[in-house]
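Structure record follows, encoded as structure tokens.
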Amino acid sequence: MKLKLDIDPDIVAMMAAEVAAGERAVTAAMREAGTGLKTAWRLQITGAGLGTRLANSIRSQNFPRSGESLEAAALVWSKAPVIVGAHDTGPLIRSKDGFWLAIPTEAAGRGLRGAKLTPGEWERRRGLRLRFVYRRRGPSLLVADRARINTRGQAVASRAKTGRNQVTAPIFLLVPQVKLPKRLDLARDADRALDSVPGLIVANWVEGRLA
């Protein structure tokens with residue numbers, strides 16, 4: 001007995017169409033999930049008061065970069081992973097040298113582009129020497145003698161020879177360690193984005209059929 005199998009061209013076309021529909025649905029779903037996660041993380045960061053600059057460090061990329069695939073994926077990351085990660089985990093921070101952590105006060109001012117100054121940088125910029133003040137209770141201090149407070153609340157060198165308006169200004173608080181508060185929960189939004197993928201695939205598949 002001889003059997004012959006003929007494949008209907010219409011069935012082949014239907015299978016190819018289903019595969020193409022699946023590729024479009026999966027690719028669209030991953031694109032939506034990735035974009036949604038990027039938006040959610042940015043909103044978390046700005047909502048925590050960490051600023052739009054840090055929020056804009058969150059980026060996303062779709063794979064494949066062009067075309068459609070059943071194995072499409074989305075990558076969401078930060079260009080400032082150390083800073084974002086610290087606010088996400090709330091780590092205990094200690095000095096890498098085993099000494100003090102110097103936390104600038106308002107009187108210290110800021111460096112270039114708003115960066116926080118180190119004690120050495122502060123001395124070079126202000127032309128004043130810092131003096132260590134040990135305190136048994138509360139953080140110890142680095143203070144600047146014979147300084148004056150300008151209109152922006154920053155301590156600068158005083159040129160008054162009479163000592164008028166000169167102050168001893170606390171410039172840095174010295175602590176052995178500091179616990180950074182946890183201000184973000186990135187895993188929560190990541191889990192939500194992951195859970196949304198199956199529904200997005202189905203929705204995009206159905207929409208593709210109805211289009």
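Because the structure is predicted, anything quoted here is derived from the model rather than measured.
Taking both residues in full, the closest heavy atoms of Thr27 and Ser69 are given as OG1-N, 2.9 Å, listed atom of the first, atom of the second, then distance. When all heavy atoms of Leu128 and Ala144 are compared, the pair lying nearest together is CD1-CB, 4.3 Å. The two residues Ala86 and Pro91 come nearest to each other via the heavy atoms O-CD, 3.0 Å. Of all the heavy atoms in Trp122 and Ala155, the pair that sits closest is CZ2-O, 3.7 Å. Between Ile171 and Ala107, the shortest heavy-atom distance links the atoms CD1-CB, 4.2 Å. Here the closest non-hydrogen pair linking Arg126 and Ala108 is NH2-O, 3.2 Å.
Val76 and Phe63 fall into different hydrophobic clusters, where Ile, Leu, Val, Met, Phe, Trp and Tyr side chains are chained together by heavy-atom contacts under 4.5 Å. Side-chain heavy atoms closer than 4.5 Å link hydrophobic residues (I, L, V, M, F, W, Y) into clusters, and following such links, possibly through other members, connects Leu130 to Phe132. Cluster annotation: Leu75 is not connected to Leu194 through the hydrophobic network of ILVMFWY side chains, with a link wherever side-chain heavy atoms come within less than 4.5 Å. Met30 and Ile58 sit in two unconnected hydrophobic clusters of ILVMFWY residues. Membership requires side-chain heavy atoms under 4.5 Å apart, directly or through other members. Val143 and Trp100 end up in different hydrophobic clusters when Ile, Leu, Val, Met, Phe, Trp and Tyr side chains are linked at under 4.5 Å.
How far CD1 of Ile45 is from CG of Asn56: 9.0 Å, rounded to the nearest 0.5 Å. The CG atom of Leu117 lies 9.0 Å from the CD atom of Gln154; values are rounded to the nearest 0.5 Å. Taking CD1 of Ile201 as the reference point, atom CZ of Arg24 lies at 14.0 Å (rounded to 0.5 Å). Taking CG from Asn62 and OG1 from Thr35, the interatomic distance works out to 6.0 Å, rounded to the nearest 0.5 Å. Taking CG from Leu186 and NE2 from His87, the interatomic distance works out to 11.0 Å, rounded to the nearest 0.5 Å. Distance CZ/Arg183 to CG/Leu50: 4.5 Å, rounded to 0.5 Å.
Partners of Gln177 by side chain to side chain contact (heavy atoms under 4.5 Å, CB included), not counting sequence neighbours, listed by chain and number: Leu92, Arg94.
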Would Glu18 and Trp205 count as a side chain to side chain contact (heavy atoms under 4.5 Å, CB included) if you check the C-alpha gap in whole Å, the side-chain angles of each, and the deciding distance to 0.1 Å?
-> CA-CA 9 Å; Glu18 281 297 302; Trp205 206 318; 3.7 Å; yes
So Ile93 and Leu101, side chain to side chain contact (heavy atoms under 4.5 Å, CB included) or not? Walk me through it.
-> CA-CA 9 Å; Ile93 302 174; Leu101 288 174; 4.1 Å; yes
Check step by step if side chain to side chain donor-acceptor pair (under 3.5 Å) holds for Asp189 and Gln44.
-> CA-CA 9 Å; Asp189 288 338; Gln44 262 207 69; 2.7 Å; yes
Test side chain to side chain contact (heavy atoms under 4.5 Å, CB included) applied to Arg146 and Ser158, step by step | CA-CA 6 Å; Arg146 296 184 298 280; Ser158 172; 5.6 Å; no
Please lay out, stage by stage, how Ile83 and Leu54 fare under the test side chain to side chain contact (heavy atoms under 4.5 Å, CB included).
-> CA-CA 8 Å; Ile83 299 174; Leu54 186 61; 3.9 Å; yes
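At least one side-chain heavy atom of Val167 sits less than 4.5 Å from a side-chain heavy atom of Ile149. A heavy-atom distance below 4.5 Å is found between the side chains of Lys116 and Pro104. In this structure, Gln61 and Trp77 have side chains that are in contact, with non-hydrogen atoms separated by less than 4.5 Å. Side-chain contact check for Phe172 versus Thr105: every heavy-atom pair is 4.5 Å or farther apart. Side-chain contact between Val84 and Leu184: present, with at least one pair of heavy atoms (C-beta onward) separated by less than 4.5 Å.
When only modelled atom types and interatomic distance are considered, Ser57 and Ser78 share a side-chain donor-acceptor pair under 3.5 Å. For the residue pair Thr118/Glu121, the side-chain donor-acceptor check at 3.5 Å is satisfied.
Atom CZ of Arg59 has more than 12 heavy atoms from other residues, nucleotides or ligands within 6.0 Å.
Judged as a side-chain hydrogen bond (donor to acceptor under 3.5 Å, both in side chains), the pairs with a partner in residues 130-145 (not counting sequence neighbours) are, in order, Arg131-Asp145, Asp145-Thr168.
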